[in-house]
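Below, chains carry the letters A, B, ... as their sequence lines are ordered, and counting in each starts from 1.
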Amino acid sequence: MTIEFEAPKPIAQMQMMLQTVAENMMRSVSRDFDENEHAIPWDYVEFMHTAMKAAGGGGGLTVTEGKPKEGAEKRPPIGYQRLAAQIEMLSWGDVGFYLVTPGGGLGAAAVVAAGSPEQKAKFLTRFNEEKPTFAAMCMTEPGAGSDTSAIRARAVLDEKSNEWVINGEKIFVTAGDKSFNEYEKFGKGFIVVWASIDPSAGRAGMRAFVVEAGTPGVKVTKLEHKLGIRASDTASISLVDARVPFENLLGKPTVEKTTTGFKGAMATFDATRPLVAASGLGVARAALEFLKEKLMENGVQIRYGMPRNKLTSIEKDVIDMEIQLRSAWLLVLKAVWMADNKKPNALESSMSKVRAGDVVTKITQKAVEIMGPLGYSREFLLEKWFRDAKITDIYEGTGQINRLVVARQILGYSGSELR
Amino acid sequence: MYSFEPNEEQQMLMDAVGKYAANDLRAAAHDAEESRELPRKLIGKGWELGLLQASTPEAYGGFGERSAVTGALAVEEMAFGDLAGALAVMTPSLFATPILLGGSEEQRQEYLPNIVGGEWAPYTAALIEYTFDFDPNALRTTAKVEGDGYALNGEKAFVPFAKDAEAMIVYANLNGVTQGFIVPKDAAGLSIGEREKLMGLNALPLHRVKLDNVKVPATNRLGGAPGHDFGLVLSAMRVASASAALGVAKASFEYSKNYAKEREAFGVKIAQKQAVAFMLAEMVTEIESIRLLTWEAAWKLDTNKEDSCVAAYLAFTGACDMAMMVTDRGVQILGGHGYIREHPVELFMRNGRGFPMLLGLAIV
């Protein structure tokens with residue numbers, strides 16, 4: 001091992017390509033889709049689906065390894081690093097669009113983390129097919145956000161038909177509408193629903209179920225109107241006596257008095273938190289670049305190298321923003337590098353999310369402030385980035401929940417020792 | 001490639017330095033600070049770890065190549081023990097490393113084998129000036145061409161071991177550009193002033209130095225006739241200071257974390273309270289992110305990246321804030337006990353405040 005900061009070539013090339021996509025297919029229509037909430041950016045969706053299929057990645061934005069050239073030396077894996085860089089660049093284009101990138105998303109991630117080989121084959125191949133296809137994860141409930149032990153959705157086995165009968169109400173399902181409702185232009189997706197098979201067992205009784213699009217008894221009841229990321233649908237989904245085949249259960253049907261049932265979900269978070277951080281940092285970079293460009297147009301120079309007490313207030317702010325952005329990005333890189341190299345990264349993953357949640361809100365807030373009326377105006381995208389960025393500190397574990405995870409890790413405390 | 005793990009050799013060095021820092025420097029830190037004195041034996045033991053020797057090529061008496069990354073790793077480990085002790089051990093680098101970086105072949109031959117091959121000896125450098133708007137790129141100390149040499153005029157501050165120094169590099173303003181000049185201890189016009197009394201770093205002997213028309217031959221300009229790129233020297237100082245700040249911050253974090261796991265209030269350890277646990281979580285996150293920023297800057301210096309100087313500046317600037325934030329919280333977590341000099345966190349905080357003004361006391 002060694003300490004190095006050179007972007008691997010395939011990642012650098014991919015970033016250049018995605019920047020073109022971001023500029024031409026995202027930025028150019030970013031404002032329209034912010035003002036027409038829930039409109040679907042078909043051009044982007046179809047382009048990305050075709051491009052990802054052509055690249056052989058399939059399954060949307062997932063961890064992929066390029067095929068090594070014959071006879072070439074085996075390179076260390078960079079799948080997560082590539083994914084983080086992709087997400088950062090797409091979010092630099094428009095984070096709402098990024099969230100409607102077709103593919104399995106968090107739903108497929110749950111199948112990957114907790115599914116058997118048969119289940120993976122059954123549920124994941126669809127993302128490679130003709131039409132763009134979505135999947136989503138249903139965890140949050142009206143009474144259960146970060147405290148997932150409070151989940152009340154219930155799955156009961158009907159032994160006669162060998163089906164699970166699921167009842168419950170889920171909210172804040174990203175891409176829930178595109179995953180569950182059937183659209184002519186989309187393939188058939190699914191949602192992954194977390195429900196208890198044994199409420200007396202607490203978290204140990206929690207399981208994930210694959211619920212196919214269009215399953216009777218399941219309904220998208222609401223699409224949220226949000227502060228930002230308006231191109232992305234955030235759905236409420238109700239399940240009333242919804243029946244799914246026995247084999248759609250991810251993990252074991254029996255409950256042992258341990259927390260294994262839930263480990264799948266938590267392992268998923270170790271992998272996805274740095275990616276959410278990466279997404280937020282893409283938005284922050286967009287804001288900071290815009291700010292610097294506008295300052296330069298107006299003749300404001302940033303004098304790097306000057307002692308701090310000789311800098312103007314704007315210079316100090318911009319320099320702080322650069323420090324925050326870069327250092328947070330390096331935390332993301334380290335977390336995904338660890339994931340690629342199969343090193344346990346629960347600490348680094350949550351640290352990257354804590355830091356990113358903080359800095360993207362600070363950077364976008366400060367950029368709006370510095371730009372004055374121009375920052376507040378909808379003529380530019382800056383105010384939108386401010387609204388979009390805030391979600392980074394909320395979804396995939398709020399900044400506070402991630403602080404808890406970090407604290408437990410560094411203190412060696414369990415969930416009951418540090419509540 | 002991205003990669004975030006020290007290599008085997010670096011790890012071995014870190015382990016050795018870390019052990020010395022924890023066992024020797026930390027153990028001596030309190031008394032050294034109070035008595036304003038570091039035992040020479042302690043400094044000698046640190047010198048024998050061979051940080052400078054390992055980053056000096058064989059041709060000049062060492063046994064390795066300079067690497068800012070390796071230097072950054074070692075400085076953090078060393079400063080974890082005690083900042084004053086760490087800076088004392090590494091003081092000869094203030095003289096040797098700029099010569100290695102920007103010196104002429106003659107200068108390297110003349111000084112390096114002697115310093116690197118010998119016992120710890122007070123070779124030093126004078127950069128800081130006693131003015132609120134001190135700027136290493138706009139020095140008030142001047143160098144003027146005079147005959148076939150230079151005349152130096154001005155006053156320097158915070159110069160480590162100036163009183164005993166064999167020789168020092170004095171940085172001065174030569175037609176608007178900062179350049180280093182090698183000044184021997186017996187130079188006419190050079191006078192060493194009172195020892196500084198500062199908020200922290202009291203174990204380290206720091207002095208004012210006056211230059212009253214000190215004349216040095218042209219060959220004493222760092223790099224000889226064409227001079228040298230001060231930006232690289234300054235960047236190496238910034239990376240070193242950032243690393244030292246990381247060491248001090250880590251010391252404060254570890255100490256207050258351990259304390260919080262021991263101290264009870266309301267029937268639980270205070271670390272079990274979110275108010276304290278979240279402070280610790282934010283401290284470690286801040287430390288780790290600035291550490292990566294510092295490593296990246298060091299790596300950019302080692303690989304001659306175009307933006308390496310800006311990267312070093314950003315890392316240093318970020319590290320100054322990080323050190324203040326973390327060391328302040330270290331004191332806060334210990335509450336009243338943090339304010340008492342029996343615990344080291346107040347010293348970490350006093351030292352932690354110093355980084356913006358102590359640029360020039362360490363180099364990698």
Legend entry - Close approach to chain A in residues 299-319 of chain B, criterion heavy atom under 4.5 Å: B:W299, B:K305, B:V310, B:Y313, B:L314, B:T317, B:G318
Inset, instruction - Go through the atoms of A:K343 and report whether side chain, backbone, both or neither lie under 4.5 Å from a heavy atom of chain B. - result: side chain
Legend entry - Nearest atoms (heavy-atom pairs only) where B:A281 meets A:A407: CB-N, 4.0 Å
Legend entry - Close side-chain approach of B:I290 and A:I323, heavy atoms under 4.5 Å: yes
Legend entry - Portion of B:D133 that has a non-hydrogen atom of chain A nearer than 4.5 angstrom: both
Legend entry - Choice from B:V284, B:L359, B:L234, B:V276 maximising heavy atom contacts with chain A below 4.5 Å: B:V284
Legend entry - Note, B:T285 side chain near A:E348 side chain (heavy atom, < 4.5 Å): no
Legend entry - Engaged part of A:L347 at the chain B interface, taking heavy atoms whose separation is under 4.5 Å: neither
Inset, instruction - Check each atom of A:K334 against the heavy atoms of chain B and say whether the ones under 4.5 Å are side chain, backbone, both or neither. - result: both
Legend entry - Main-chain N/O of A:T2 paired to B:S3 side chain as donor or acceptor, under 3.5 Å: yes
Legend entry - Side chain / backbone / both / neither for A:Q324 at chain B, heavy atoms under 4.5 Å: neither
Legend entry - Note, A:W329 side chain near B:L292 side chain (heavy atom, < 4.5 Å): no
Legend entry - Interface moiety of B:P356 toward chain A, non-hydrogen atoms closer than 4.5 Å: neither
Inset, instruction - Identify which part of A:D320 has an atom lying under 4.5 Å from any heavy atom of chain B, answering side chain, backbone, both or neither. - result: side chain
Inset, instruction - To the nearest 0.5 angstrom, please state how far the CE atom of A:M351 sits from the CD atom of B:E282. - result: 13.0 Å
Inset, instruction - State yes or no: are the ring centers of A:W337 and B:Y2 separated by less than 6.0 Å? - result: no
Inset, instruction - Could you tell me which residues in residues 243-264 of chain B have at least one non-hydrogen atom under 4.5 Å from a non-hydrogen atom of chain A, sorted by residue number? - result: B:F253, B:K257, B:K261
Inset, instruction - Please look at A:R419 and chain B and tell me whether the side chain, the backbone, both or neither of the residue comes under 4.5 angstrom of a heavy atom of that chain. - result: backbone
Legend entry - Note, B:E286 side chain near A:R355 side chain (heavy atom, < 4.5 Å): yes
Inset, instruction - May I ask you to list the residues in residues 5-13 of chain A that approach chain B closer than 4.5 angstrom, counting heavy atoms only, ordered by number? - result: A:F5, A:E6, A:A7, A:P8
Inset, instruction - Determine, step by step, whether B:K269 and A:E417 satisfy the salt bridge (charged side-chain N to carboxylate O under 4.0 Å, His left out) criterion, reporting the C-alpha distance in whole Å, the side-chain angles of both residues, the deciding distance to 0.1 Å, and the verdict. - result: CA-CA 9 Å; B:K269 308 292 184 194; A:E417 286 168 313; over 6 Å; no
Inset, instruction - Please list, in residue-number order, every residue in residues 299-307 of chain A that has a heavy atom less than 4.5 Å from any heavy atom of chain B; write 'none' if there are none. - result: A:R303, A:Y304, A:G305, A:M306, A:P307
